[in-house]
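To start, the structure itself, in structure tokens.
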Amino acid sequence: MIAIPHSASPPGPTETADSAAISTVGAGGRLLELPPEVVLALHAAGTRRQWRLGQTVLRQGERTGAVVVALQGRLAVMLGRATGTDALMRWMEEGEITGLPDVLAQLPSPVSIVTHGAAMTLHVERKAFLDVLHQHPAGAIGIAVQLARRVGELFRYVETSGSRTLAERLNFALLRLAGSQGQADGAGGICLTLTQAELAAAAGASRQRVHLALRQMQADGRLTLGYGTVTLLPRGGWTW
């Protein structure tokens, strides 16, 4: 399993204040589940930050007093375990908001957000974020949808990560990661760009055991393995 040491983060990010000029957030300049007017207001109220590989954007157990929106790049959602290692939950979607427990309920972050390459985020301080929701009540519905999805995801993760077999945990990890960063391969399959070490962290098992399990799944016709990729095949019995 991968352990990402929080103390090893490189120097801090580059910050740039947003003006009224709005550029894109993910595909089409959107934030997930939010009306266009809320997107514009958050952009105007926020500050953009540039990140490099291996930096910690948000640290589990800490509070920052701001929400963080994924704009560009690969941002891993990591859950710390009692063993001292971090489980890869998934990758943030472009336009996804995190930091809501802190801003809405004054609770510390339940996860860490770590960059897996160059990335850009938008940070909106608590007061500014709440002001936007007060001015645009429809935005609160979009926030509630995001929270409901994450709560459902968390319960599913807890259920699957308990006494389940490695095959069951690996199956769930592949589906979870496919949902957050999978790309259609044009032949009915879903391609994931990730290392077996990252997948081992997501499944809560050693890299060696995951490697053997993946080889068996490939032999069974459920997926194909490439250099840094795993493709889930349409005939593999996956339920999207």
Side-chain angles (χ1 to χ4, degrees), residues 1-2 4 24-33 53 57 68-79 86-98 111-121 145-146 148-161 164 166-205 207 209-211 213-240:
M1 292 181 286
I2 297 178
I4 298 182
T24 62
V25 179
R30 64 190 177 90
L31 278 86
L32 296 179
E33 315 294 350
L53 172 66
V57 177
V68 179
V69 183
L71 299 186
Q72 296 175 6
R74 203 172 191 190
L75 295 160
V77 181
M78 309 295 295
L79 180 65
D86 288 348
L88 173 62
M89 297 286 291
R90 57 186 178 81
W91 283 278
M92 288 185 70
E93 300 178 66
E94 292 184 351
E96 182 182 343
I97 299 176
T98 191
V111 295
S112 293
I113 307 297
V114 180
T115 60
H116 280 207
M120 180 188 294
T121 56
V145 170
Q146 287 203 29
R149 287 180 174 174
R150 297 311 163 218
V151 169
E153 175 186 86
L154 178 59
F155 277 108
R156 177 68 174 141
Y157 176 81
V158 170
E159 177 202 358
T160 309
S161 301
R164 298 300 182 99
L166 172 58
E168 290 173 322
R169 299 200 311 272
L170 184 56
N171 190 82
F172 177 56
L174 286 166
L175 287 173
R176 194 171 73 236
L177 297 175
S180 66
Q181 64 101 216
Q183 299 292 324
D185 67 354
I190 299 293
C191 182
L192 302 175
T193 302
L194 78 170
T195 66
Q196 290 190 20
E198 290 172 333
L199 188 50
R207 183 175 177 179
R209 291 183 64 204
V210 166
H211 174 75
L214 287 172
R215 288 294 182 186
Q216 183 60 54
M217 294 172 81
Q218 181 171 247
D220 293 340
R222 300 194 65 207
L223 53 77
T224 58
L225 301 174
Y227 183 75
T229 64
V230 177
T231 301
L232 309 186
L233 300 177
R235 62 180 181 277
W238 305 100
T239 303
W240 309 113

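Residue numbers count from 1 along this sequence.
- In this structure, CE on Met92 lies 13.0 Å from NE2 on His116, to the nearest 0.5 angstrom.
- Using a 4.5 Å heavy-atom cutoff, the side chains of Leu199 and Leu214 are in contact.
- Atom OG1 in Thr121 sits 12.5 Å away from atom CD1 in Ile97 (nearest 0.5 Å).
- Counting heavy atoms from C-beta outward, Val77 and Ile113 have side chains that approach closer than 4.5 Å.
- Of the charged side-chain nitrogens involved, at least one lies within less than 4.0 Å of a carboxylate oxygen, so that Arg90 and Glu96 count as a salt-bridged pair.
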### Task
For side chain to side chain contact (heavy atoms under 4.5 Å, CB included), just list the numbers for Leu75 and Val114, CA-CA rounded to whole Å, side-chain angles, deciding distance to a tenth of an Å, and then say yes or no.
CA-CA 6 Å; Leu75 295 160; Val114 180; over 6 Å; no
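- With values rounded to the nearest 0.5 angstrom, Asp185 atom CG is found 10.5 Å from Leu192 atom CG.
- No side-chain heavy atom of Leu177 sits under 4.5 Å from any side-chain heavy atom of Val230.
- Put simply, CG on Leu223 and OG1 on Thr231 are 8.5 Å apart, with the number rounded to the nearest 0.5 Å.
- Not a single salt bridge (Lys or Arg N to Asp or Glu O under 4.0 Å) links Arg222 to another residue, sequence neighbours left out.
- The main-chain N or O of Ala202 is found under 3.5 Å from a side-chain atom of Arg176 such that the two form a donor-acceptor pair.
- Scanning both residues, Pro234 and Ala187, for their nearest heavy atoms gives CG-O, 3.7 Å.
- Looking at every heavy atom in both residues, Gly95 comes nearest to Gln146 through O-NE2, 4.4 Å.
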### Query
Between Leu225 and Arg215, does a side chain to side chain contact (heavy atoms under 4.5 Å, CB included) hold up when you go through it step by step?
CA-CA 8 Å; Leu225 301 174; Arg215 288 294 182 186; 4.1 Å; yes
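- Remark: Asn171 CG to Trp238 CH2 distance equals 4.5 Å, nearest 0.5 Å.
- Thr195 OG1 to Tyr227 OH: the interatomic distance, rounded to the nearest 0.5 Å, is 10.0 Å.
- Residues Ala205 and Arg169 share a closest heavy-atom pair of CB-NH2, 3.9 Å.
- Considering every non-hydrogen atom in both Leu233 and Gly221, the closest pair reads CD1-O, 3.5 Å.
- Met217 approaches Leu174 most closely through the heavy-atom pair CE-CD1, 3.8 Å.
- Thr115 is not listed as a side-chain neighbour of Arg74, based on a closest heavy-atom distance of 4.5 Å or more.
- Across all their heavy atoms, Cys191 and Thr229 have their closest contact at SG-CB, 4.1 Å.
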